[in-house]
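Working notes, beginning with the structure itself.
Remember, it's 1-based here, ligands and their atoms both numbered in the order they're listed. Residues take their numbers from the sequence shown, with the count starting at 1.
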Amino acid sequence: MKKRIAIFASGSGSNAQKIMEHFKKNADAEVALILTNNPEAYVLQRADNFEIPSHVFDRHEFYETDDVIRLLKNLQVDLIVLAGFLWLVPQSLLKAFPNKIINIHPSLLPKYGGKGMYGDKVHNAILAAKEEESGITIHFVNENFDEGEIIHQSRFRIDEGDDLEMVKFKGQQLEHTHFPKVVEGLLKKMRS
Ligand code: GRF
């Protein structure tokens, strides 16, 4: 049976898109569901374009019921991928999927991570600190923001004159290249 991936995203979902593209014609794995806390998230349109089902939930459902867990279990999801998902994952979901939830973060963790460090805030902090390099981190998720065992990091140079848009662009290129491959690698390991 194909391995099944669920992706949580709160916004645009460009990483979700790359993962959906990557697994569209894959014999071993598929994206089974897109989940979001944001009914306006563009990721919902992207899911429709790939004819992948989606589910929108609110705070009550996510933190005070087991509905999301039940949905994921019913779909026999093997791996949960957070791709720009802004809410903390509740203990109940972590327990239901131990070592099966991963996240991507646009910095070289543990630098520039933690609560409130998302989107432009990360890159602005990196530029303000005059870092000469930055990168991306893919890691297992635990009960804190941007912690958990690191699975993959890749880096890029910050050149003189690089502005917010350029740093974001460089990071996004790395994310789009590596995230689908890291997901595939993890699924392969789960199979063997
Ligand atoms: C990415 O930069 C990711 O590292 C962070 O949120 C952003 C999501 O971008 N966690 P997108 O919605 O996939 O375009």
Nearest-contact summary for [atom] - protein heavy atom, Å:
atom	value
atom 9 (O) of ligand 1	Asn15 ND2, 3.8 Å
atom 6 (O) of ligand 1	Gly84 CA, 3.3 Å
atom 12 (O) of ligand 1	Gly13 N, 2.7 Å

Residue pair Val56 / Glu61: nearest heavy atoms and the distance that separates them
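Minimum heavy-atom separation between Val56 and Glu61: O-OE1, 4.1 Å.
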Take a 6.0 Å sphere around CZ of Phe140 and say whether it holds more than 12 heavy atoms from other residues, nucleotides or ligands.
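For Phe140, atom CZ is crowded (more than 12 foreign heavy atoms under 6.0 Å).
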Ring centroid separation for Phe8 and Phe97, is it under 6.0 angstrom?
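They do not qualify: ring centres at least 6.0 Å apart.
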[X] neighbourhood, listing ligand 1 atoms whose heavy-atom distance to it stays under 4.0 Å:
X	result
His105	4 (O)
Glu175	1 (C), 2 (O), 3 (C), 4 (O)
Pro106	2 (O), 4 (O), 5 (C)
Ser14	11 (P), 12 (O), 13 (O), 14 (O)

Could you please spell out the steps behind the side chain to side chain donor-acceptor pair (under 3.5 Å) verdict for Arg46 and Ser14?
CA-CA 9 Å; Arg46 297 188 196 265; Ser14 71; 5.2 Å; no
Side chain or backbone, does Ile104 bring an N or O within less than 3.5 Å of an N or O on ligand 1?
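Yes, at least one N or O pair falls under 3.5 Å.
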Before signing off on this row, confirm whether Ala16 and ligand 1 have an N or O atom pair separated by under 3.5 Å.
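In this structure, Ala16 places no N or O atom under 3.5 Å from an N or O of ligand 1.
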Give the C-alpha distance, both sets of side-chain angles, the deciding distance and a yes or no for side chain to side chain donor-acceptor pair (under 3.5 Å) between Ser10 and Asn38.
CA-CA 6 Å; Ser10 300; Asn38 175 9; over 6 Å; no
Exam field: side chain Thr137 to backbone Gln153, donor-acceptor pair closer than 3.5 Å:
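A pair under 3.5 Å: no.
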Per the side-chain contact (heavy atoms from CB on, under 4.5 Å) rule, which among Asn37, Val141, Val43 passes with Phe85?
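Output: one option passes, namely Asn37.
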